[in-house]
Amino acid sequence: MLKGKNIVLGITGSIAAYKAAYLIRALVKKGAEVQVVITPAGKEFITPVTLSALTGKPVISEFFTANDGSWHSHVDLGLWADAMVMAPASASTIAKMANGVADNMLITTYLSSKAKVFIAPAMDLDMFAHPTT
């Protein structure tokens, strides 16, 4: 079912970010190609080195690569994806998704994608239960 599928895994700033490593391992084991796009806050919880080792791909966090200035096309990445998985999805990222606040690579990729999106909310229960969330 996942063999040959292209999945963008969006990782946001949540203590649950460490679980993304397990998710990547499971997706790759099922034959999916996984490209991680991580928010700046997400990098505070899990390192891109760990994620890259699991996917075999460089982790994308910014629009431009710091070393050589090469551009990561959020449009191409969004069109490449057969599915997007936002796991963990912080309250901040869910709010940005709902309101089209395109201020980071993950949200611009999300807004450019035509793929199905799966969201795994990860936040304090009170934040999750709040009507605006």
Side-chain angles (χ1 to χ4, degrees):
M1 180 158 123
L2 291 176
K3 188 171 178 82
K5 296 294 183 184
N6 298 326
I7 299 175
V8 170
L9 175 59
I11 301 173
T12 71
S14 166
I15 190 63
Y18 78 92
K19 294 180 180 184
Y22 299 105
L23 180 56
I24 292 168
R25 188 170 164 223
L27 292 169
V28 169
K29 195 173 193 178
K30 293 285 186 180
E33 188 171 344
V34 180
Q35 175 62 65
V36 172
V37 179
I38 192 168
T39 64
K43 292 189 292 186
E44 299 293 325
F45 292 95
I46 189 166
T47 68
V49 172
T50 299
L51 302 168
S52 181
L54 293 168
T55 63
K57 296 175 164 295
V59 171
I60 299 172
S61 177
E62 306 297 333
F63 294 99
F64 298 94
T65 303
N67 299 342
D68 63 9
S70 61
W71 178 54
H72 298 117
S73 173
H74 58 282
V75 174
D76 290 345
L77 188 54
L79 295 174
W80 171 84
D82 293 308
M84 286 191 75
V85 179
M86 306 297 217
S90 65
S92 176
T93 293
I94 293 170
K96 290 176 183 183
M97 291 169 71
N99 291 289
V101 179
D103 67 347
N104 64 46
M105 185 66 182
L106 180 57
I107 300 302
T108 57
T109 301
Y110 161 75
L111 292 171
S112 298
S113 182
K114 298 188 182 345
K116 289 191 180 208
V117 179
F118 301 89
I119 302 170
M123 64 204 70
D124 174 87
L125 183 58
D126 292 325
M127 292 172 71
F128 182 73
H130 195 278
T132 57
T133 303

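- The shortest side-chain heavy-atom distance between V36 and I11 falls under the 4.5 Å cut-off.
- Across all their heavy atoms, A102 and T108 have their closest contact at CB-CG2, 3.6 Å.
- Proximity of a side-chain donor or acceptor of S52 to a complementary backbone N or O of P48 within less than 3.5 Å is not detected.
- The backbone N or O of P58 lies less than 3.5 Å from a partner atom in the side chain of Q35, making a donor-acceptor pair.
- With rounding to the nearest 0.5 angstrom, the CG atom of L51 is 4.5 Å from the CD1 atom of I24.
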List the steps and the verdict of side-chain contact (heavy atoms from CB on, under 4.5 Å) for L9 and T55.
CA-CA 10 Å; L9 175 59; T55 63; over 6 Å; no
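- Take S113 and apply the side-chain hydrogen bond (donor to acceptor under 3.5 Å, both in side chains) test, not counting sequence neighbours, and it matches no residue.
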Before giving the answer on side-chain contact (heavy atoms from CB on, under 4.5 Å), spell out for V28 and L54 the whole-Å C-alpha distance, their side-chain angles and the decisive distance to 0.1 Å.
CA-CA 8 Å; V28 169; L54 293 168; over 6 Å; no
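- Side-chain contact between L106 and K96: absent, with no pair of heavy atoms (C-beta onward) separated by less than 4.5 Å.
- With values rounded to the nearest 0.5 angstrom, T133 atom OG1 is found 10.5 Å from D126 atom CG.
- Annotation: side chain of M86 is not in contact with side chain of T12 (no heavy-atom distance under 4.5 Å).
- Atom NZ of K19 is surrounded by 12 or fewer heavy atoms from other residues, nucleotides or ligands within 6.0 Å.
- N6 places a side-chain N or O within 3.5 Å of a backbone atom of W80 that can act as its donor or acceptor partner.
- When all heavy atoms of A115 and A81 are compared, the closest pair comes out as CB-O, 3.4 Å.
- For the residue pair I46 and A21, the shortest heavy atom distance occurs at CD1-CB, 4.4 Å.
- Taking every heavy atom of both residues into account, S14 and F45 meet most closely at O-CG, 3.3 Å.
- The local environment of NZ in K57 is crowded, with over 12 non-hydrogen atoms from other residues, nucleotides or ligands closer than 6.0 Å.
- Looking at heavy atoms from C-beta onward, T50 lies out of side-chain contact with Y18 at the 4.5 angstrom threshold.
- The main-chain N or O of I38 is found under 3.5 Å from a side-chain atom of S61 such that the two form a donor-acceptor pair.
- Residues T109 and I60 are not in side-chain contact: their nearest non-hydrogen atoms beyond the backbone lie 4.5 Å or more apart.
- The distance from the OG1 atom of T93 to the CD1 atom of I119 is 10.0 Å, given to the nearest 0.5 Å.
- The CE atom of M97 sits 7.0 Å away from the CE atom of M84 when rounded to the nearest 0.5 Å.
- Rounding to the nearest 0.5 angstrom, the gap separating the CD atom in E44 from the CD1 atom in I15 is 11.5 Å.
- When atom types are taken as modelled, the side chain of N99 and the backbone of V101 share no donor-acceptor pair closer than 3.5 angstrom.
- For the atom pair CZ (F128) and CD1 (I94), the distance works out to 7.5 Å, reported to the nearest 0.5 Å.
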